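A short write-up of the structure that comes next.
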There are 2 protein chains.
Amino acid sequence: MAGDVRGEDKKREIVRQAFDRFYDGGFHATGVDAVLSESGISKRTLYKYFPTKDDLIEAVLEFYGQFIVGKLFDPVAASNEEPRQQIMAIFDARKAMIDENPTRGCLGIKAAQEFVGKHAGLAAHGKHAALYVERRFVDLCERAGLARPAEVGKQINVLFQGALLLSQVYGDGSPFVSAKHAVAALLEADDEPTPSDRQ
Amino acid sequence: MAGDVRGEDKKREIVRQAFDRFYDGGFHATGVDAVLSESGISKRTLYKYFPTKDDLIEAVLEFYGQFIVGKLFDPVAASNEEPRQQIMAIFDARKAMIDENPTRGCLGIKAAQEFVGKHAGLAAHGKHAALYVERRFVDLCERAGLARPAEVGKQINVLFQGALLLSQVYGDGSPFVSAKHAVAALLEADDEPTPSDRQ
DNA sequence: AAGCATGTAAACAGATCGGTTTACTTCGCC
DNA sequence: GGCGAAGTAAACCGATCTGTTTACATGCTT
């Protein structure tokens, strides 16, 4: 139906606007009025589609998840390069996004930080997002034929999240350079049969 | 003067209470009323010592910095163990703190996330804290006689911050285990003269 | 042209925000 | 014993918060 399509379009537009505002201003610090002002959307329409602010935040977090998968992970996966190259490419691509917008870290992490211990549903989005990223890295480590893909994948995820966080705090993507070097070293170390067999 | 001492004591008590509230509730989401209720402190006294909420937050962040240095870094440094052991001990000690209080990550990072782009002074605390930690790791890498202490120290810091963040998001300290393994691998890799000269 | 869904604009309500003020208590000191 | 510093308790202020309501414009369908 045409009506549904228009409604869904409006919904997406609201989420889009809210996405930018929450990303830059934080969830608690950004009121719904701030989301609406200069957006051409009326409050009534907002509350028609999202009965509470939390519902809107949830939709924004879902949008962010799709956004990051579509912009970061899927393109790299579609490149059909070597698994190791793909891991490096993910770090490069995320660094490029940070360089473009230095204050925008991970929105899921932001939500987790703001809602942990007080809104389980919203905090869970951050956890889910981090676990998804970890799984993608573990998959790539398996395909790369590493000796301990699960362990190294987790380590790479720690580096990824740490670099993302520090980039936001520092205001530039330089931590991704360090992280990438560390990833290279870890990948190389796990190629050999018994890497830590000395005490 | 006795009056000053009592005043300073009160000030510390206020900061202590605010520390717990902000740590668990976030800076924006926790009102000053929430800090005061059930604390036996009156609003007037609070605003006598801290003219604005931001001043209070600043004091809390300074307190957090001293707290973490005194509880984490200084004891490890005083142990006089091998530099490598000290690096590992820092990860162990931070993990122990997380296991005790899983939802409490790094307060400086929390502040940076909430105030980046909207309150430079407060956001700078997170940056300063992260740089301090990085410097401690670089120092230890130098004392360990690594080939590239600055680079490896930065990498270890990325692992540290990533593990801290993921621990908070996951709700347990397991990422520190992965991070520690990665640190061990990185330290070992940088021991050899030409680490990427695989034969 | 009538009807209806969809939208904007804006006043409004109750709660809570950061912050001020008034009034009263308590404690140490000369 | 009185006085002032330092404290609590609580009413109060204007602004802002989430969310509701009223009123009006617009455009599609039949």
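These numbers were taken from a predicted model, which means no experiment stands behind them. Residue numbers begin at 1 in each chain, while the letters A, B, ... track the order of the sequences.
In this structure, a donor-acceptor pair under 3.5 Å is present between the side chains of A/E151 and A/Q155. Donor-acceptor pairing under 3.5 Å is lacking for the side chains of A/T52 and A/D54. A donor and an acceptor atom, one from each side chain of B/Q17 and B/E13, are nowhere located under 3.5 Å apart.
At whole-Å resolution of the value, CD in B/Q17 and P in D/dT8 are 11 Å apart. For the pair B/D9 CG and C/dC27 P, the interatomic distance rounds to 16 Å; values are reported in whole Å. Here C/dT20 presents its C1' atom at 18 Å from CZ of B/F50, a figure rounded to the nearest Å. Atom-to-atom, CZ of A/F22 to P of D/dC17 comes out at 12 Å; the value is rounded to the nearest Å. With rounding to whole Å, A/E13 atom CD is found 16 Å from C/dT6 atom P. We find that CZ of B/R21 is positioned 12 Å from P of C/dC17, with the value rounded to whole Å. If you take CD of A/E8 and P of C/dG7, they are 11 Å apart, rounded to a whole angstrom. The nearest whole Å value for the distance from the CG atom in B/L46 to the P atom in D/dA6 is 16 Å.
Taken residue by residue, residues 26-37 of chain A places heavy atoms nearer than 4.0 Å to DNA chain D at A/T30, A/G31, A/V32, A/D33. Contacts with DNA chain C (heavy atom under 4.0 Å) in residues 117-126 of chain A: none are found.
In this structure a side-chain-to-backbone donor-acceptor pair under 3.5 Å is present from A/E114 to A/F27.
Comparing atom distances between the A/K10 side chain and each of C/dT6, D/dA6, C/dT8 picks out C/dT8 as nearest. Relative to the side chain of B/K53, the nucleotides C/dT6, D/dT8, C/dG18 differ in distance, and C/dG18 lies closest. Among D/dA6, C/dA9, D/dT8, the nucleotide with an atom closest to any side-chain atom of A/S42 is C/dA9. Closest to the side chain of B/Y47, out of C/dT8, C/dG19, D/dT8, is C/dG19.
For the pair A/L56/A/Y49, no side-chain contact is recorded, criterion being any heavy-atom separation below 4.5 Å from C-beta on. Taking 4.5 Å as the limit, some side-chain heavy atom of A/R16 sits within range of a side-chain heavy atom of A/D20. B/V169 places none of its side-chain heavy atoms less than 4.5 Å from the side chain of A/V116.
Of all heavy-atom pairs between A/P175 and A/Y170, the closest is CG-CD1, 3.7 Å.
Ring geometry for B/F176 versus B/F91: interplanar angle over 60°, hence perpendicular rather than tilted (30 to 60°).
Evaluation of atom-type donor-acceptor distances gives no pair under 3.5 Å for the side chain of A/R44 against the base of C/dT6.
Between A/T45 and C/dT8, a side-chain N or O to OP1/OP2 separation shorter than 4.0 Å is present.
With sequence neighbours left out, the salt bridge (charged side-chain N to carboxylate O under 4.0 Å, His left out) criterion links B/K43 to B/D33.
Within the nucleic acid shown, B/K43 comes within 4.0 Å of at least one base atom, counting heavy atoms only.
Both A/D54 and B/S39 lie near DNA chain D, and the one whose nearest nucleotide falls closer to the 5' end is B/S39.
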